[in-house]
Chemist: 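Sharing a structure below in structure tokens format, with a few things to ask.
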Amino acid sequence: QVQLVESGGGLVQAGGSLRLSCAASGRTASRYAMGWFRQAPGKEREVVAAISWSGGSTYYADSVKGRFTISRDNAKNTVYLQMNSLKPDDTAVYYCAARERYGLGYRRHEYDYWGQGTQVTVSS
């Protein structure tokens, strides 16, 4: 029903910045809260940031607070993750996700749709 496609990943040096985008298509008439997750090799997928449908509420993992900013442009059906001051520990595959609710979701099972992921690699 809803397809999510991430883009914007790549290789960046520590201290650099990247902006990830997640474009939604399909049944976009519904109002979805969105989230960004990441998964490093051998690690569980963890929430990075989340945003309500309106954009009025956001959540950030402690590890990215002050460095990452989640935002959305509902007119473009796109969610962004601006990542600044990147660290090697940020290296992971980043996934966007959508849930069929207005409010924030914090756990994997709270989300209904997932993108394919985009690789972010931060070198020392």
Chemist: Which pairs pass ring pair (Phe, Tyr, Trp, His ring centres under 6.0 Å) with one or both residues in residues 81-107, sequence neighbours excluded?
Modeler: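 Checked against ring pair (Phe, Tyr, Trp, His ring centres under 6.0 Å) - neighbours excluded - the pairs reaching residues 81-107 are Tyr59-Tyr106.
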
Chemist: Examine distances only and state if a side-chain atom of Asn74 and a backbone atom of Trp53 form a donor-acceptor pair shorter than 3.5 Å.
Modeler: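 Yes, the answer is positive, given that a donor and an acceptor are paired below the 3.5 Å cut-off.
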
Chemist: For the hydrophobic clusters of this structure (ILVMFWY residues joined by side-chain heavy atoms under 4.5 Å, transitively), does one cluster hold both Tyr113 and Leu81?
Modeler: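 Yes, it is one cluster - the side chains of Tyr113 and Leu81 are joined through contacts under 4.5 Å.
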
Chemist: Output all residues satisfying salt bridge (charged side-chain N to carboxylate O under 4.0 Å, His left out) with Lys43, sequence neighbours left out; order by chain, then residue number.
Modeler: none

Chemist: Between Phe68 and Leu86, is any pair of side-chain heavy atoms under 4.5 Å apart?
Modeler: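 Yes, their side chains come closer than 4.5 Å.
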
Chemist: Looking at every non-hydrogen atom in both residues, tell me the closest pair between Gly103 and Ala33 and how far apart they are.
Modeler: O-CB, 2.9 Å

Chemist: So which heavy atom on Ile51 is nearest to which on Ser71, and how close?
Modeler: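 For Ile51 and Ser71, the tightest heavy-atom pair comes out as CD1-CA, 3.8 Å.
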
Chemist: Which heavy-atom pair separates Gln82 from Ser17 by the least distance, and what is that distance?
Modeler: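 It is NE2-CB, 4.0 Å.
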
Chemist: Looking only at heavy atoms, which two atoms of Pro88 and Ser124 are closest? And how far apart?
Modeler: CG-OG, 3.7 Å

Chemist: Kindly work out whether a path of hydrophobic side-chain contacts (I/L/V/M/F/W/Y, heavy atoms less than 4.5 Å apart) joins Phe37 to Met34.
Modeler: no

Chemist: Grab the two heavy atoms, one from Ala24 and one from Leu4, that are nearest each other, plus how far apart they are.
Modeler: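 In terms of heavy atoms, the two residues are closest at CB-CD2, 3.6 Å.
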
Chemist: Evaluate the criterion side-chain contact (heavy atoms from CB on, under 4.5 Å) for residue pair Asp112 and Gln1; output intermediate values, then yes/no.
Modeler: CA-CA 10 Å; Asp112 303 293; Gln1 292 182 295; over 6 Å; no

Chemist: Disulfide bond (SG atoms under 2.5 Å apart): which pairs involve residues 84-124, sequence neighbours left out?
Modeler: Cys22-Cys96

Chemist: Are the side chain of Arg72 and the backbone N or O of Ser52 linked by a donor-acceptor pair below 3.5 Å?
Modeler: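 Here the side-chain-to-backbone pair exists.
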
Chemist: May I ask you to list the residues sharing a hydrophobic cluster with Tyr80, side-chain cutoff 4.5 Å, ordered by chain and number?
Modeler: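 Besides Tyr80, the hydrophobic cluster comprises nothing; the residue is isolated.
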
Chemist: Report the C-alpha separation of Arg67 and Lys87 in whole Å, then their side-chain angles, then the decisive distance to 0.1 Å, and conclude whether the side-chain contact (heavy atoms from CB on, under 4.5 Å) test is met.
Modeler: CA-CA 10 Å; Arg67 300 188 298 119; Lys87 305 174 180 179; 3.8 Å; yes

Chemist: Residues in salt bridge (charged side-chain N to carboxylate O under 4.0 Å, His left out) with Glu46, at least two apart?
Modeler: Arg38

Chemist: Any link between Val93 and Leu20 through a network of hydrophobic side chains (Ile, Leu, Val, Met, Phe, Trp, Tyr) touching at under 4.5 Å?
Modeler: no

Chemist: Does Gly117 offer a backbone N or O that forms a donor-acceptor pair with the side chain of Glu6 under 3.5 Å?
Modeler: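 Answer holds: yes.
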
Chemist: Taking Gly105's backbone N and O only, do any of them form a donor-acceptor pair with Tyr111's side chain (distance below 3.5 Å, no angle check)?
Modeler: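 Checked: pair present.
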
Chemist: Find out if a path of hydrophobic residues (ILVMFWY) with successive side-chain heavy-atom gaps under 4.5 Å connects Trp114 to Tyr32.
Modeler: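 No, Trp114 and Tyr32 fall in different hydrophobic clusters.
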
Chemist: Please find the pair of heavy atoms, one from Asp62 and one from Lys65, that lie closest to each other, and give the distance.
Modeler: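 Closest approach of Asp62 to Lys65: OD1-NZ, 3.0 Å.
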
Chemist: Run Asp90 and Met83 through side-chain contact (heavy atoms from CB on, under 4.5 Å) and show every step you take.
Modeler: CA-CA 9 Å; Asp90 296 320; Met83 305 186 294; over 6 Å; no

Chemist: Looking at side-chain heavy atoms only, is the closest gap between Gln116 and Val5 below 4.5 Å?
Modeler: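 Result yes, sub-4.5 Å side-chain heavy-atom pair found.
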
Chemist: Is the closest side-chain heavy-atom distance between Val79 and Trp36 below 4.5 Å?
Modeler: yes

Chemist: When clusters are formed from ILVMFWY side-chain contacts under 4.5 Å, directly or step by step, what else is grouped with Leu11?
Modeler: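 Hydrophobic cluster check, Leu11: no partners found.
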
